[in-house]
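Quick notes on the structure that follows.
The figures here come from the full heavy-atom set of this structure, side chains too, leaving out hydrogens, waters and symmetry mates. Order of the sequence lines sets the chain letters (A, B, ...), proteins ahead of strands, with each chain counted from 1.
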There are 2 protein chains.
Amino acid sequence: MARSPLTREAVLAAAAELVRRHGPAALTMRKLAAELGTAVTSIYWHVGNREQLLDALVERTVRDMGGAVRPAGRTPAERIVSVARTMRRELRERPHLIAMVHERGLTDRMFLPAQRALVAEVRAAGLSGARAADAVRAVQFQVVGFVLVERNRERSPVQSPGEGELWEPAAAPDDPDLARALARPADPERLFVLSVRALTEALLAGG
Amino acid sequence: MARSPLTREAVLAAAAELVRRHGPAALTMRKLAAELGTAVTSIYWHVGNREQLLDALVERTVRDMGGAVRPAGRTPAERIVSVARTMRRELRERPHLIAMVHERGLTDRMFLPAQRALVAEVRAAGLSGARAADAVRAVQFQVVGFVLVERNRERSPVQSPGEGELWEPAAAPDDPDLARALARPADPERLFVLSVRALTEALLAGG
DNA sequence: ACCTGAACACCGTTCAAGT
DNA sequence: ACCTGAACACCGTTCAAGT
């Protein structure tokens, strides 16, 4: 298809599109070359090897994610929750990339703009020094961890033996509501907000 | 080396050893066959294909992890933290397997014994019904998510641009202690306990 | 400076053939 | 019932050769 001279940009764009549509496993050098209408080896000249190609891809995504952070809310706690929700949304919009960011150990870099915002809010709530740093990191780990667990859970919808099967039989002896709630699939959005809110309130309050 | 008749058990054991020593990527059917001293195709007869082999491997690990859960402490909150620490320790003892469990969406199954314990503690703290279920799940997500983030962070020790470089320049303008704390690498054990404790206290307290 | 095909060393999996 | 080698369709990467 493309016969204009191959550029690094064109390679990255085609690679990103391939990942977006079919996941990282589908990104092979040979398929990518076919997509671009060039020889496999041309790709190597422009972006190095596969590993470096993936690095470049991740890097460019991470840069894109910074802009979205706009704390909203009347209290520091509310604004922290809003930042957490934004990060979750941004991550979920790039379902394949987030696993790649994770594998490459770039979560810190990715989280940096959000971290700045969190620092401001934590200080506004009256924390400082090491305690403030702990609070920021706790929220950061919470958000990234939650999204990872959640993402994974979606990929394999019914777990064998699903939670359901194991809660019928007297696991929560005299609390059928609890048993039923655990048998139902979790509502991730609700659970996320609930968790972040709880963690944040405890961190901002006493020690 | 091995010339006694090949068994499913022998294949699984050799595969587990290979993963333990060199990680999941090193587990190729051909290397495994070489290790066992058989033809590659014999493996297929005993365990099906590579995917099924990995499934079996993960399944057996998950079974092993249930026994360790023994809640300890004087209050429900303390006992929940103790369960969380146990799960973290168990997961960290199997660094390669946990990623595989995660990829296969078996975290629920893996967490089941711990979940039972958490249910008991949450009820002992006075929660019931859907609220109790939320608390259990929040802790579960927190623990699994934390360990995933932590594991990943260890694999790529210095992130580029590390947190360090970006906190010197007036990021936390008038709090040098905070800036320094964020520039230092996090102490995961401490951060973990701090996070779980905060989350737990908030969940068990008001709504 | 850029692109190419051939070649190498790996994969997982299937299959017909052996005992 | 179990094991085998040959073969197929894929990989990523290197390299000498082209323009």
In numerical order, the residues of residues 7-17 of chain A whose heavy atoms come under 4.0 Å of DNA chain D are none
Looking at side-chain heavy atoms only, is the closest gap between B/Glu189 and B/Arg88 below 4.5 Å? yes
Q. Hey, does the side chain of A/Glu201 reach the backbone of A/Ala198 with a donor-acceptor pair shorter than 3.5 angstrom?
A. no
query: Are B/Arg20 and B/Glu17 within salt-bridge range, i.e. N to O under 4.0 Å?
result: yes
Atom CH2 of B/Trp45 and atom P of D/dT4 are separated, to the nearest Å, by 13 Å
Expected list for residues 64-73 of chain A: side-chain donor-acceptor pairs under 3.5 angstrom, two or more places apart:
from: A/Arg70; atom 1: NH1; to: A/Gly67; atom 2: O; distance (Å): 3.4

When rounded to whole Å, the NE2 to C1' distance for the pair A/His46 and C/dC3 reads 8 Å
Taking Watson-Crick and G-U wobble contacts under 3.5 angstrom, with | marking pairs to another strand and [ ] crossing pairs, the secondary structure of DNA chain D is written ||.|||||...|||||.||
Residue pair B/Leu194 / A/Leu203, side-chain heavy-atom distance below 4.5 Å:
yes
Run the numbers on A/Gln142 and B/Gln142 for side chain to side chain contact (heavy atoms under 4.5 Å, CB included), then give the verdict. CA-CA 6 Å; A/Gln142 162 107 320; B/Gln142 162 109 320; 2.3 Å; yes
Per-nt protein contacts along nucleotides 9-19 of chain C (heavy atom under 4.0 Å; B base, S backbone sugar-phosphate only, - none) come out as --BBBBB----
Separation of D/dT4 atom C1' from B/Leu6 atom CG, nearest Å, is 13 Å
Hits for salt bridge (charged side-chain N to carboxylate O under 4.0 Å, His left out) against A/Glu90, two or more places apart or cross-chain, chain-then-number order -> A/Arg94
Look at the side chain of B/Arg137 and the backbone N and O of A/Leu182, then say whether any donor-acceptor pair between them is shorter than 3.5 Å. yes
Problem set entry | Between A/Asp108 and A/Gln115: side-chain donor-acceptor atoms closer than 3.5 Å | no
Residues at least two apart in sequence or cross-chain that pass side chain to side chain donor-acceptor pair (under 3.5 Å) with A/Arg79, listed by chain then number, are A/Glu121
